[in-house]
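Working notes for the structure below.
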Amino acid sequence: MMPKTPLIFVATSDLAGKLRGKAFPADQLNKRLQRGVGWTPTNVQINCFDGIAESPFGALGDLLLIPDATAEAKVEFGEHPGLHFHMGDIVTLEGEPWDFCTRGLLKVALERLHKASGARLLAAFEHEFQLKREPPLSNEAYGHRGFSLQRDLCETLIAAISQVGLKPDSIMKEYGANQYEVVIGPELGVRAADAAVMIRELTYATAHAHGEQATFTPIRNVEGVGNGVHIHMSFVDDKGEPLTYSADGSSGMSELTSAFAAGVLKYLEAILALTAPSVISYARLTPHRWSAAFNNLGFRDREASLRICPVTAKDPVSVARQFNIEYRAADAAASPHLALAAIVMAGTQGIEEGLSAPLPTEEDLSLLNAAELKKRGLVRLPQTLEESLDLFVTNPVATSWFPDGFAEVYQAHKQFEIAKTADLDTDACCCLYEETY
Ligand code: GLU
Ligand code: MG
């Protein structure tokens, strides 16, 4: 056999929600932790179809992508290629965080939350994915046979999750054709988004090692259900004591949770372009798909954009720890870092504005007419990427959460993606996205 040099990939989850980076020989790690690898500003405009949108940077400039020693994923898959990467931060040559590094933007959002409330965020990403296998496995929603068919893949994936130091929660055959769902336990701050990236990469690699191909695309087929990314959030103080629950708060929410939820709902339309950022994301965000179609808070309601989740614990201490809210209007076309940054910024805005959450909805909102929706402050979420992009770039509050110029660059990035798909019908568009996510 030819000799091989082990390589480590240093990665950034970029505006396109793709994991990109460069590899270096593993024995250089110490040096690379200081110096990183070279990175190019215009890379930020490489979209999910490898097109390059108009870039303010052109061919100019240099950056560094620096691996984070604490954000490592390393797994071996027997005779199949393994996976070894570190999440990294993009910085300027002077070592300052770069304005378009999604991981840096998330750190800023988390700092702002902490400053406004003393709270640190715990988040757990729940991912749905589909195997591209033919013929599609039907009639096996939550089925044992459907699960058993991929037991080996599921067991390998769960082992890989433990191997990278994350906490597996559960895995199942989801409702859709060839659809599975993998759930992990909460992680603190930036690590939660790093974990989401790791889950996606581990799933792709595990599927590959089993002769399968996985896709996290927001929706494969409009006749079926979508692949959601549901983000469960709770808060702790600096000592790790829970801050999310209050026995006498509305639906159990503490004042902090209520204000955060209110902020997310108020700015939901403006952040959707960052959490559901593909053209086909909007085919998923329609009523009766158990995704999210309105800017509503739901109590244990799976059609809500923001859901107050049930707790199974009985003793008050565990209830306070388990209690969480779930953002359901996200998908895997979004960088987990950027999506979480946008949600945290919106929630923190709610805290700073002193908002309180509305009463949760408990009915099918698609049956309400426009006047009834309006009376209750409910809006149907934007139904195209163009519309949601517009609601982001024209919202002075939402754009102010990001560095100067961010909204314009993001808009150009996404407009180029929209143009690429403009002549395609929905099926062709779904096929295109399925090749990239
Ligand atoms: N597949 C649904 C979505 O697109 C979620 C179903 C569920 O787990 O409640 O978000
Ligand atoms: Mg699910």
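Numbering of ligands and ligand atoms starts at 1, following listing order. This is a predicted model, so every value here is computed, not measured.
Scanning the protein for heavy atoms near atom 4 (O) of ligand 1, the closest one is R284 NE, 2.6 Å. Protein heavy atom in closest approach to atom 6 (C) of ligand 1: E128 OE2, 3.4 Å.
Close contacts between ligand 1 and R289 involve ligand atoms 2 (C) [criterion: under 4.0 Å to a heavy atom]. Heavy-atom proximity to E181, at under 4.0 Å, picks out these atoms of ligand 1: 8 (O).
Expressed to the nearest 0.5 Å, how far CH2 of W39 lies from CZ of R20 amounts to 7.5 Å.
Protein nitrogen, oxygen and sulfur atoms, that is N, O or S, within less than 2.8 Å of the Mg ion (ligand 2) amount to 3.
Evaluation of the ring pair (Phe, Tyr, Trp, His ring centres under 6.0 Å) rule for F323 yields Y245 as partners, not counting sequence neighbours.
The aromatic rings of H144 and F147 lie tilted to each other, with the angle between the two planes from 30° to 60°. Ring pair F216/H127 is perpendicular by interplanar angle, where above 60° counts as perpendicular and below 30° as parallel.
In R328, the part holding a heavy atom less than 4.0 Å from any atom of ligand 1 is the side chain.
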Show the numbers, then the answer: is there a salt bridge (Lys or Arg N to Asp or Glu O under 4.0 Å) between E181 and K173?
CA-CA 7 Å; E181 174 179 306; K173 169 70 192 67; over 6 Å; no
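Under the 3.5 Å distance criterion, with hydrogens and angles disregarded, a donor-acceptor pair is assigned to the side chains of D331 and S281.
Smallest separation of non-hydrogen atoms from Q349 and Y267: CG-CE1, 3.4 Å.
Not less than 6.0 angstrom separates the ring centroid of Y410 from the ring centroid of F100.
Note: no N/O pair closer than 3.5 Å links V225 and ligand 1 by distance alone. Taking distance alone, with nitrogen or oxygen atoms compared against 3.5 Å, H230 approaches ligand 1 more closely than that limit. Considering backbone and side-chain atoms alike, E174 places an N or O below 3.5 Å from some N or O of ligand 1.
Residue Q163 qualifies as enclosed at atom CD: its count of foreign heavy atoms under 6.0 Å is above 12.
For the side chain to side chain contact (heavy atoms under 4.5 Å, CB included) test with T361, the passing option among L378, L368, L297 is L378; the others fail.
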